[in-house]
Amino acid sequence: MLGALIVSSGLLLTLATVLHYPIFTDEISFKIIYSRYFLDSGKAIFLWPQCNTEFTDRFPISFLPFRILESFLFQDLTNPLKIRWFGVLYFCLYLLLICFIVDLLFKNKKNWSFGKTLILSLGLNSLGTLPITLSYNRPESPMVLFLFIVVLIPLLHERFPFFAKKFHFLCLAIIIISSAGFVSYHPKGLFFVPVFCVAILLISRGVKDKIVTLMILTGVIVTSFSFWNKQYACPMDQKMYQSISSVGMSQLSPATSVSSKAVHFFNNFISSQYYLHQIVFPFTTMEKAGLRQGTVLGWGWRLWNRLIEGAIIGLGLSIVLATYFIFRSWFHLKENDFKGWLFLALILSLVAHLGVTTRKAFYDNALIFPTFFLLSLLGLNSFPRKLNGTVLNILSITVLLLAAGSSLFFWYGFSPMVDVWKQGGAIPDEYFFTSGYNHSETNNRVRKLASRCGISPDARPFHLVVDEISYPSFWQSREPFIAIQSLSCWKQKLMDSDPTIFLRLKRSAGFIGQCKYVTKELSHLVTQERDLCCIPSFVSD
């Protein structure tokens, strides 16, 4: 129990630091997309207004409960720190779910204890910088919760047969709702359809139940696929379309040959080692950011990174070995062997996601690693009993040591930045992050500058271009555009047209935000105050 106390204390120490971590631009962007259902009369806003008929599409019916919930939680972003608080809350809920699942999986094992459950559940998610990534309030946060609920329901049915009889239809409904929630947050959720189907087939009692439930799920998946496919379309600009489609399933086009698809898939899957490198402590970045430095910390940090990578690779090998054990007994895999079927469905989904998704991003770790850990834990159940116990003991000790060390490294390295992150406005040399502190002072600066250049802070300006700093001051604006997509696309030369033409055609009320988003074409229109810039309405010449 001492080990569990160490891991729990270390994670609490880490989370105390994470609460002060800056807000990622993407977190603001997705809140603009997901939480404006009532503000924009139910119309669908997306990241690239240049590429489709923005604000004319409606969400599928299956999306509505989750858009309404997001609106209830994040419509009013006057205090942007709310994003980080809920990000940490989502992480804690995920930890509760994984603790529950681990306890279900190993409770009957010899010499197993709740302390080992805590060590495995909390320790695996304390490695490296995972606590930061898993606390990002992006789509991955609720997606992980929904995925784990879908997996938990069949495990409960397997462990408690009476549960299956008494709450059968309720459990089917929960799986359908969780599946709909999962695919409503991001198109990459569609890769996990095999898990949803297997969960339904495992707990459905009769053929009629299976057919009806799968038909409902099919309707949810088809409408979701249609919506996301339309949102990612950009027919008027091929350069932009190629950039956008790299995040999704562009290589599945019928025009691409089978051999090209196979090579592309293999190369993508091999490049997934990128995810592993993103959870270790980025020492060079830490030096640049002014964190604690020194020779001891330098080589110690690098050594700890190698140990973490080794542990993750070891888990990967356990998945390979588990796959062997399961396929070896393929013809003996009974219909009620829930853990085996869930393992196969999860590995199929994860491999498809890693192989198809071209664009690798560090925040994908918030979905990749929870799935990876769940696979590892499910796979251990397929090991022979003697080997199973030995591996679990070795894994528990390894995770205990790595988690305790990671928490100390994390706190020692990151805590000096807390005071810096408490500064208002943008963070120097951090293009994609902003502070959530001093929002009242930042809000006053934004509103005063807006008034100077002719944008009324008390009105609801139409198609105002905002960024992560100005949106909390103008969250009530009508159908806003997001600067990082509406202006940075031109700055990165992804669009060939002049942004002023686009914004004038859209009758934009202007731009208010950080000067880093201002393009050359817009610079002569700017009213500037330190790091903030304002451009009045584009409607008039």
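For the single chain, residues carry numbers from 1 onward in sequence order. Predicted model, so just to flag it, every value in this text is computed and none were measured.
In plain terms, the two heavy atoms of E468 and T25 that are nearest each other are OE2-OG1, 3.4 Å. Listed here is the closest heavy atom pair of L190 and V193: O-CG2, 3.1 Å. When every heavy atom of C171 is checked against every heavy atom of I153, the shortest pair comes out as CB-CG2, 3.6 Å. Considering all non-hydrogen atoms of both residues, L127 and A403 come closest at CD2-N, 4.0 Å. The shortest non-hydrogen separation linking Y275 to A361 is CE2-O, 3.5 Å. Nearest heavy-atom pair across I32 and V466 is CD1-CG2, 4.4 Å.
One finds a salt bridge joining K188 and E140 here, because a Lys/Arg side-chain nitrogen approaches an Asp/Glu carboxylate oxygen to under 4.0 Å.
Considering only heavy atoms from C-beta on, I308 comes within 4.5 Å of S406 through its side chain. Looking at T78 and P472, their side chains never come closer than 4.5 Å, going by heavy atoms from C-beta outward. Contact of the L155 side chain with the F100 side chain is not registered, since no non-hydrogen atoms from C-beta on lie closer than 4.5 Å. Within the 4.5 Å cutoff, side-chain heavy atoms of K360 are placed close to those of S272. Here the side chains of L201 and L214 are in contact, with some heavy-atom distance below 4.5 Å. Residues V150 and S179 have side chains in contact (heavy-atom distance under 4.5 Å, counting atoms from C-beta outward). Residues L464 and F481 fail the side-chain proximity criterion, which asks for heavy atoms closer than 4.5 Å. The shortest distance between side-chain heavy atoms of V399 and L122 does not fall below 4.5 Å.
Here L13 contributes atom CG and S407 contributes atom OG; the two are 6.5 Å apart, rounded to the nearest 0.5 Å. In this structure, OG in S121 is found 7.0 Å from CG in L377, a value given to the nearest 0.5 Å. Note that the OG atom of S126 and the CG atom of L95 stand 7.5 Å from one another [nearest 0.5 Å]. Here I6 contributes atom CD1 and L11 contributes atom CG; the two are 13.5 Å apart, rounded to the nearest 0.5 Å. How far OG1 of T117 is from CZ of F106: 8.5 Å, rounded to the nearest 0.5 Å. Here the straight-line distance linking atom CD1 of I45 with atom OG of S35 works out to 9.0 Å at 0.5 Å rounding.
Cation-pi geometry between K31 and F74 is satisfied (NZ or CZ under 6.0 Å from the ring centre, within 45° of the ring normal).
Heavy atoms from other residues, nucleotides or ligands lying under 6.0 Å from OH of Y274 number more than 12. Other residues, nucleotides and ligands contribute over 12 non-hydrogen atoms within 6.0 Å of the CZ atom of F59. In this structure, I61 places its CD1 atom where only 12 or fewer heavy-atom neighbours from other residues, nucleotides or ligands lie under 6.0 Å away.
In this view, Y37 satisfies the ring pair (Phe, Tyr, Trp, His ring centres under 6.0 Å) rule with no residue, not counting sequence neighbours.
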Per-pair distances, 0.1 Å, donor-acceptor, side chain in residues 345-352, under 3.5 Å, sequence neighbours excluded:
{"unit_1": "S349", "atom_1": "OG", "unit_2": "F191", "atom_2": "O", "d": "3.2"}
{"unit_1": "S349", "atom_1": "OG", "unit_2": "A345", "atom_2": "O", "d": "3.0"}

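In terms of modelled atom types and a separation under 3.5 Å, the side chain of D40 and the main chain of G42 share no donor-acceptor contact. In this structure, the side chain of N137 does not engage the main chain of F86 through any donor-acceptor pair within 3.5 Å. A distance-only check finds no donor-acceptor pair linking the side chain of R138 to the backbone of A366 [under 3.5 Å]. When atom types are taken as modelled, the side chain of H186 and the backbone of P139 share no donor-acceptor pair closer than 3.5 angstrom. Judged by distance alone, with hydrogens and angles left aside, the side-chain atoms of N365 form a donor-acceptor pair with the main-chain N or O of F362 at under 3.5 Å. Judged by distance alone, the side chain of R67 and the main-chain N or O of S184 form a donor-acceptor pair under 3.5 Å. In this structure a side-chain-to-backbone donor-acceptor pair under 3.5 Å is present from S141 to Y136. Proximity of a side-chain donor or acceptor of S470 to a complementary backbone N or O of D467 within less than 3.5 Å is detected. Judged by distance alone, the side chain of S226 and the main-chain N or O of T223 form no donor-acceptor pair under 3.5 Å. A donor-acceptor contact shorter than 3.5 Å links the side chain of S477 to the backbone of F474.
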V7 and L400: side-chain contact (heavy atoms from CB on, under 4.5 Å), yes or no, with the steps? CA-CA 6 Å; V7 171; L400 170 61; 3.5 Å; yes
Take H168 and D209 through the side chain to side chain donor-acceptor pair (under 3.5 Å) test and state the conclusion after the steps. CA-CA 10 Å; H168 174 65; D209 282 356; 3.0 Å; yes
Would R478 and H463 count as a side-chain contact (heavy atoms from CB on, under 4.5 Å) here? Give the steps. CA-CA 6 Å; R478 291 176 295 150; H463 278 172; over 6 Å; no
With side-chain contact (heavy atoms from CB on, under 4.5 Å) as the test, would you mind laying out the steps for T133 and I279 before giving the verdict? CA-CA 8 Å; T133 312; I279 71 164; 5.5 Å; no
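Within the structure, every pair that satisfies the side-chain hydrogen bond (donor to acceptor under 3.5 Å, both in side chains) test and touches residues 80-92, not counting sequence neighbours, is listed here: E27-R84.
In summary, the aromatic rings of Y185 and Y34 are positioned with their centroids under 6.0 Å apart. In this structure, F182 has its ring center closer than 6.0 angstrom to the ring center of F196. Ring to ring, F66 and F146 are close: their centroids are under 6.0 angstrom apart.
Between W228 and F63, the two ring planes are tilted [angle within 30° to 60°]. Note: F373 and F369 have tilted aromatic rings, judged against thresholds of 30 and 60 degrees for the angle between ring planes.
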